[in-house]
Amino acid sequence: MTETSAPKELSKSYEFTDVEQKWLDTWEAQHCFAARMEPDKPSFSIVIPPPNVTGVLHVGHALNNTMQDILTRYHRMCGDNTLWVPGTDHAGIATQNVVERQLASEGLSRHDLGRDAFVERVWEWRREKGGTIINQLKRLGCSCDWSRERFTMDEGLSQAVREVFVRLYKEGLIYKGDYIVNWCPRCLTALADDEVEHEPSQGKLYHLRYPLVDGSGELVVATTRPETMLGDTGVAVNPNDPRYAGLAGKQVELPLTGRVIPVVFDEHVQMDFGTGALKVTPSHDRDDYEIGRRHNLAMCKVMDDHGVMNEKAGSYAGLDRFACRKKIVADLESQGYLVTVEDYPHAVGQCYRCKTVVEPTTSLQWFVSVRPLADAAVAAVREERIKIYPKTWYNTFYSWMDNIRDWCISRQIWWGHRIPAWTCTACGEMIVDTIDPERCPSCGSTELVQETDVLDTWFSSALWPFSTMGWPEKTRELATFYPTSILVTSFDILFFWVARMMMMGIHFMEEVPFHDVYLHALVRDKHGKKMSKSTGNVIDPLQVMGVYGTDAVRFTLAAFAAQGREIRLDEERIEGYRFFINKLWNAARFALMHVGSSDPGITAVVEQPERLGLAHRWILSRTARTIDQVRRGLDEYHFNDVASANYQFIWHEFCDWYLEWIKSELFSREEQTRNQARGVLLTVLETIVGLMHPITPFVTEEIWSVLPGERPVLMLQPYPERHREWLDEAAERDMELLMGVIGGIRNIRAEANVHPSQKLEAFVTNVGEDAAALITTYTPAITELARLGSLTIAPPGAKPADAATYIYNDIEIYVPLKGLVDIAGERDKLQRERAKVEIDLKKVSGKLGNEKFLANAPAEIVAKEQEKQRELEARLARISEAEQRLAAIAGN
């Protein structure tokens, strides 16, 4: 370390706005985020879950990207070849909706423009507006290699998408067929199973009478969607159901239509649901579709793509599906076919983009046959070539993959990767190729028509780990950084995206796309409720970053990110961690008063820690243990443990104890004493800002820059290493005893409300020989830090009169308080507090003793009241303890 010409300074307060912009500009100017590919170094790589190009930063993005940035900065400081790939997803349905709304405001539709002009309009929107979230991620401090930003429809990724589609088609894993799909009548496109969100809904279960054609009776079926009965082509019963044993070969009359449909036997029918008789509508229900295929039932599609009844619906044609439901129910009732209607809570499928109720329907679509791909992904997980964190997700993953259906990859929109398939109008030949064909290879015709559908957005993002690194070319990036190290994402896209990346990566790269998957929970409000604009409980990360600073927000998110635990975010906690950031800032300002222009030799004192004083040996030992805790937490993805270890060490050990303990040494007249304190202080502060940098990059970079000597940017410095030579169990044990005694005296002072300036007398007894010698040696430090006039080691059993007591381990600490405490006034305050607490406790206990309240109140409200009850009971216990102490001081 070289000596600087003048000491550097930190401003009186941490002005985070200026500091954040300063370092964002500096890091970018110095290309600090750029990936390096140095030989013989381990590699760490991560691909960003590409946010939608339509998106803005929300609190889920902030959590997800903070975690990724913590890991990226950590591994970069560890000296690994580090790459964090940024980018955005073209978000087919969402982006098309945005631009269509723009056109609607101009009185236009996409059909007015035509396909090519509309797609160009979307590209224009993307160039103007599509970079918003990238700039917001930069503000969050994300250290992606921005020179490598990718877009799922850029030229390279588009080529990769074509290559994958063509190969899968030629391998027989992509096919086109008429099949039951999820259809969104609003977006006018098919959706994959995992693009349908099932929301709880209070519906109705309609029991309908279907007369047997031979007049021998009737079957009663139960349905939640009576409008689909117009498309019924059969009624199914379970062959094991004795109620329907004699129905073989029977037919029923379909009410309102006059059509005759068969009764079939199928073990899929649940005998305990409804009446045990199931209306079969193969064109409008996935399970019915399978029953229809097994029994060769006819397909009868009675709705169009807009959810409007078509000509096959007879007199109901032209009605919206829900209007049709009302009319059909009324007609069934008037004609005597409606048996009963009952309330029926069930889950209703909605489009994940526009929330429109999805309609299952048959449609000609493109599919990926995923079974062989899924089997390979499952094997990789079972063999632990891919590990999932937290482990609770393994069973969910296996269950979903075991029951996976073929993936519908075609979408009936214009924005996206157009399917590279052409049909020859002359001979009907289907041509699938990576380049646009000029003529039919079978008949030579040039009359070729390209498929109008585009690929599901998730198809291109499934290739993200390798397509972003240049595949299908064999690039240096692929050789260095694939497989990626870890994927960090929200658990809700485990099947949308994560599983599909596994399938595609293993199939095309013959290697897993990542070694680890970290699935974090959704961020909820402090009461555990889902954040939504309608309830007004949304925490906007950009807003709170502007109020409390980015570092405070990042630290809060890390502190809450416990594996497998719901994340309940509270703005008050963000404010609390802002105080922590300020605490670190002020500690650094204090340190700079003493080490700002230090000579190069002061840090050499830590090379022989055994020669240092007790407090210095203790803080170095605690520093070593904290390094171990933090590194272990980062290596095992326990972000909350990393935050907790840093917080505990910096606030409580470094600031509250060490800085206070060494103040007298820093002002000592003895140069050796001063230099010991200065050297250890600077070493520990350097370690702290290094440990904290991945979580709080801005404040740590600013502090680092003003420490003495030449300071290249902190983010490229080595991460603090483990120092076994600093470990000193004896120093930790001795300091713990001294802090326990000082803390006990401080506790008595605080509980008795004795003014801080009032010097106290203290007596300790029941002290062993070694402890007594230690206390005697450090009596000056104890008296200074505990603000004592005197400290006496008394013989066992001795207890001064009118003294408050504190027990630390077996050591008894007594502080005489007579004459120092207004006993009457303190008793009066305690009595008033007791009265208030007892009233509040009575109210809460009354609620929790009310069975009606317990039965009807939401679980989170009951839990909140139970927590309040525990807090009030604890306050009463503390009041009782305080009253007992006052009684002891007063002698009654």
Side-chain angles (χ1 to χ4, degrees), residues 1 8 10 14 19 23 26-27 30 32-33 44 66 69-80 82 141 143 550-551 554-555 558 580-581 583-592 595-596 598 602-607 609 619-635 638-639 641-651 653-655 658-659 678-727:
M1 183 183 300
K8 305 172 189 175
L10 291 174
Y14 178 44
V19 168
W23 287 111
T26 301
W27 292 329
Q30 297 185 17
C32 293
F33 304 155
F44 174 85
T66 294
D69 193 50
I70 289 170
L71 293 174
T72 301
R73 288 178 181 271
Y74 168 57
H75 281 276
R76 189 183 287 119
M77 293 177 76
C78 287
D80 298 346
T82 303
S143 60
T550 300
D551 285 328
R554 288 172 58 113
F555 194 91
F580 172 58
I581 300 298
K583 184 91 168 178
L584 174 58
W585 182 265
N586 290 330
R589 291 186 70 241
F590 171 80
L592 283 167
V595 301
S598 61
I602 65 167
T603 54
V605 299
V606 301
E607 294 172 6
I619 197 64
L620 288 176
S621 189
R622 295 303 307 149
T623 302
R625 294 195 192 281
T626 302
I627 293 170
D628 282 349
Q629 284 180 283
V630 170
R631 277 184 167 270
R632 184 166 57 251
L634 289 168
D635 291 339
H638 290 290
F639 298 95
D641 289 346
V642 173
S644 177
N646 274 303
Y647 185 94
Q648 169 67 26
F649 176 69
I650 294 168
W651 189 301
E653 296 178 330
F654 181 67
C655 293
Y658 182 68
L659 294 186
R678 294 169 69 207
V680 176
L681 174 58
L682 180 57
T683 297
V684 175
L685 183 58
E686 287 176 327
T687 303
I688 284 172
V689 294
L691 287 175
M692 281 280 286
H693 179 77
I695 308 180
T696 56
F698 297 106
V699 67
T700 51
E701 192 74 82
E702 182 69 7
I703 291 171
W704 175 266
S705 71
V706 300
L707 294 179
E710 294 299 322
R711 296 279 171 173
V713 290
L714 173 60
M715 67 167 292
L716 298 181
Q717 300 308 301
Y719 199 71
E721 297 283 351
R722 297 173 172 90
H723 288 277
R724 301 299 180 198
E725 70 278 11
W726 288 359
L727 292 174

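- Using modelled atom types, no side-chain atom of R722 and backbone atom of R631 make a donor-acceptor pair closer than 3.5 Å.
- Counting only heavy atoms from C-beta outward, the side chains of L714 and M77 approach each other to under 4.5 Å.
- Put simply, the side chain of E686 reaches to within 4.5 Å of the side chain of R711, judged on heavy atoms.
- Under the 6.0 Å distance and 45° angle rule, R73 counts as a cation-pi partner of W27.
- Considering all non-hydrogen atoms of both residues, Y719 and G690 come closest at CE1-O, 3.2 Å.
- R76 and S143 share a side-chain donor-acceptor pair at under 3.5 Å.
- Residues passing the side chain to side chain donor-acceptor pair (under 3.5 Å) test with D80 are H75, sequence neighbours excluded.
- Summarising the geometry of D551 relative to I695, their closest heavy-atom pair is OD1-O, 4.4 Å, with the distance given to 0.1 Å.
- In plain terms, the two heavy atoms of A591 and L685 that are nearest each other are CB-CD2, 3.7 Å.
- Side-chain contact check for F44 versus Y74: every heavy-atom pair is 4.5 Å or farther apart.
- Here D628 pairs with R724 in a salt bridge; the nearest charged N to carboxylate O distance falls below 4.0 Å.
- The shortest side-chain heavy-atom distance between F639 and T66 does not fall under the 4.5 Å cut-off.
- Here D641 does not pair with R632 in a salt bridge; the nearest charged N to carboxylate O distance is not below 4.0 Å.
- Applying the side chain to side chain donor-acceptor pair (under 3.5 Å) test to E725 and every residue at least two apart in sequence or in another chain returns H723.
- Judged as a ring pair (Phe, Tyr, Trp, His ring centres under 6.0 Å), and not counting sequence neighbours, the contacts of W585 are Y14.
- In this structure the side chain of F649 reaches within 4.5 angstrom of the side chain of I619, judged on heavy atoms.
- Residues V699 and W704 form no side-chain contact, since every pair of their non-hydrogen atoms from C-beta on lies 4.5 Å or further apart.
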